[in-house]
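Along the sequence shown, residues are numbered consecutively beginning with 1.
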Amino acid sequence: MKIAALIVEYNPFHNGHLRQIKAVRRLVGASGAIIALMSGNFTQRGEISCLDKFTKAKLAVNLGVDLVLELPVQGVLSSADYFAETAISLIQALKFCDYIVCGAECEEVQLLQGIARAFYLFQPLIGASLTDLENNTMQKYQLPTAATLSILRKQFQTDLQAALKSGINYAEANCNLLFSPTFWPYIAPLFPQRELEAGELQTAVRHALQQPNNILAIAYYKAALSADAGAGATLAAKIRILPRETGPDLQSAHALRQLITAAENSPHRLLNSLIDYLPPISLATLIKAAQKGTLMTCEKLQPSLSLAIAAAGLLKDFPDSANLLPTTDFYRKLSAILPDLIAQKGSFEFAAKSLSHKGLTVANCRRKLLRQLLNLPEPDKVTLNRLCSNAQYLRVLAYSSYPGKSLLKHLSKSIDTPLIMRFSDLVQKQNYITGAADFAYQSSSDYRAANYYALLSQNAAALEQNNYPAPIKRATKRKKSACSE
């Protein structure tokens, strides 16, 4: 059977997600399988999920996904590059994926691929191998030697940090460097659109880098290129980017979360606000959660004393962070907002926005605050790269009776990475060959994140359990096919 992997958040699950699943179904065929790699209770944008991970996973299976695997929280609460590296490492562990599917605002896939190749060369993750690059991309595009590339990389990073510190935004800073006389001669061959005028192409690149889903799509492609170089695989060629659709029944997940926040205390208002944009079962699930009081938004992370302590903890952690620009500005802002945090006068979003500045985005501040709340210290970049690039396990959240159940059986016999069906499996398999320390570190992080979410939402069903998840029977039947095909 054909297998496609989707990288998703489903926060909340809306009509655009349903259309994406239907498009992927056409890609793999009626007898194919769709695997969703899903953020759990917290998301890469530094937000808490409206619904707990188990509820989201069951909803996804009911709406067409066959198997839902959880993205580890250490990768989720990281930058786009590490988030993408985490997803690609899980897909590598699956071994049998024919397609890797993600969404983007940009319809020009080749443009995103060109940007990814450029970033692959000049913005590698810590630990990336120059030898891999020399054997792969540099030979293909006749680029400079590894020694020259190393010098250019250092210059690119130095110039980029200087530009960001001066107040130039991410998209503008990268565009200025990519199209500068120093770097453009090496980058031009990476763009199939190089026949365009440089100014026209630069405008297109700048616009692409201003959209969050484009940035993630670029990061997926970049991570796949890096994985391909190390393993001789062809993951990058499997990526399929589905441009974002528009229509009267479609809204962005960000806009829908704002509607949910505004109406979370009134199921009737919630119904009226979301009825046009969510599949009926998704809407019903959200309303049921609102009625039970388990629907979560960032507004429910009102700065209690624990958040104030978390913010105070940043005083000792942030000075060692290379991402902090400048430190003195952070101290000044943190000192100014602490009284409001302690007095519970400010929201979680207020804290994130107050702590942000030219060198630290609001999303980055959200992720750092969530890490503090979850007691998940941010590892150094070498450790984070190792954790994100090596799948420790595959955490199963939900699966269909067919073909999800047979797919799981096939995977259990075919892959080397442990399949985790329940929490006790993490304890039993913690001495896995990839390294007991990394396995324990990641599993304890995921366990802590799940149970902290359950505490915040006062939802016992969100706790990590020792019960095996039961297969979900969908109303529609599909043609059966052997997993070994």
Side-chain angles (χ1 to χ4, degrees), residues 2 4-11 13-28 34 36-37 44-45 64 80-81 83-84 87-88 91 97-120 123 141 169-176 178-179 184 187-225 234-256 276-277 363:
K2 295 288 185 182
L6 283 169
I7 306 170
V8 298
E9 288 188 342
Y10 294 154
N11 188 38
F13 193 109
H14 54 69
N15 290 338
H17 295 136
L18 187 58
R19 290 192 186 185
Q20 185 186 62
I21 289 174
K22 290 179 178 178
V24 176
R25 180 62 63 197
R26 291 192 292 270
L27 191 65
V28 300
I34 300 175
L37 307 176
Q44 197 273 332
R45 290 167 175 80
D81 278 345
F83 177 85
I88 294 299
I91 292 170
C97 282
D98 299 284
Y99 306 102
I100 303 169
V101 183
C102 62
E105 292 88 357
C106 181
E107 295 184 2
E108 296 189 34
V109 174
Q110 290 184 334
L111 177 68
L112 299 181
Q113 292 173 339
I115 299 171
R117 293 187 189 103
F119 284 175
Y120 172 57
Q123 291 189 15
Y141 294 101
N169 65 41
Y170 174 84
E172 192 70 30
N174 276 284
C175 274
N176 291 344
L178 291 176
F179 290 87
W184 179 243
I187 291 172
L190 305 179
F191 286 89
Q193 305 92 332
R194 57 184 178 272
E195 69 276 1
L196 297 175
E197 292 292 333
E200 185 179 351
L201 183 56
Q202 185 172 2
T203 299
V205 170
R206 182 186 298 108
H207 180 70
L209 290 175
Q210 291 172 341
Q211 305 297 324
N213 288 324
N214 288 344
I215 293 173
L216 282 173
I218 290 166
Y220 298 142
Y221 196 81
K222 174 183 170 183
L225 286 171
T234 55
L235 289 172
K238 296 179 179 181
I239 293 179
R240 299 292 185 273
I241 298 175
L242 301 180
R244 179 180 168 185
E245 296 185 34
T246 58
D249 63 335
L250 298 175
Q251 277 278 17
S252 70
H254 174 71
L256 293 173
D276 292 333
Y277 311 118

Nearest heavy-atom neighbours spanning [X] and [Y]:
X	Y	value
His14	Tyr277	CB-O, 3.4 Å
Ala237	Arg240	O-NH1, 2.9 Å
Leu178	Ala118	CD2-CB, 3.9 Å
Ala217	Ala104	CB-CB, 4.1 Å

When you compare the side chain of [Y] with that of [X], does any pair of heavy atoms fall below 4.5 Å?
X	Y	value
Ile88	Ile100	yes
Ile34	Leu6	yes
Arg45	His254	no

Checking [X] side chain against [Y] main chain: does a donor-acceptor pair fall under 3.5 Å?
X	Y	value
Asn214	Glu105	yes
Glu9	Gln44	yes
Arg117	Leu190	yes
Asn15	Asp276	yes

Above 12 or not: heavy atoms from other molecules or residues under 6.0 Å from CD of Glu107?
no

Pairing donors with acceptors under 3.5 angstrom, does anything connect the side chains of Asn174 and Gln123?
yes

Anything under 30° is parallel, anything over 60° is perpendicular, the rest tilted; go ahead and classify Tyr10 against His17.
perpendicular

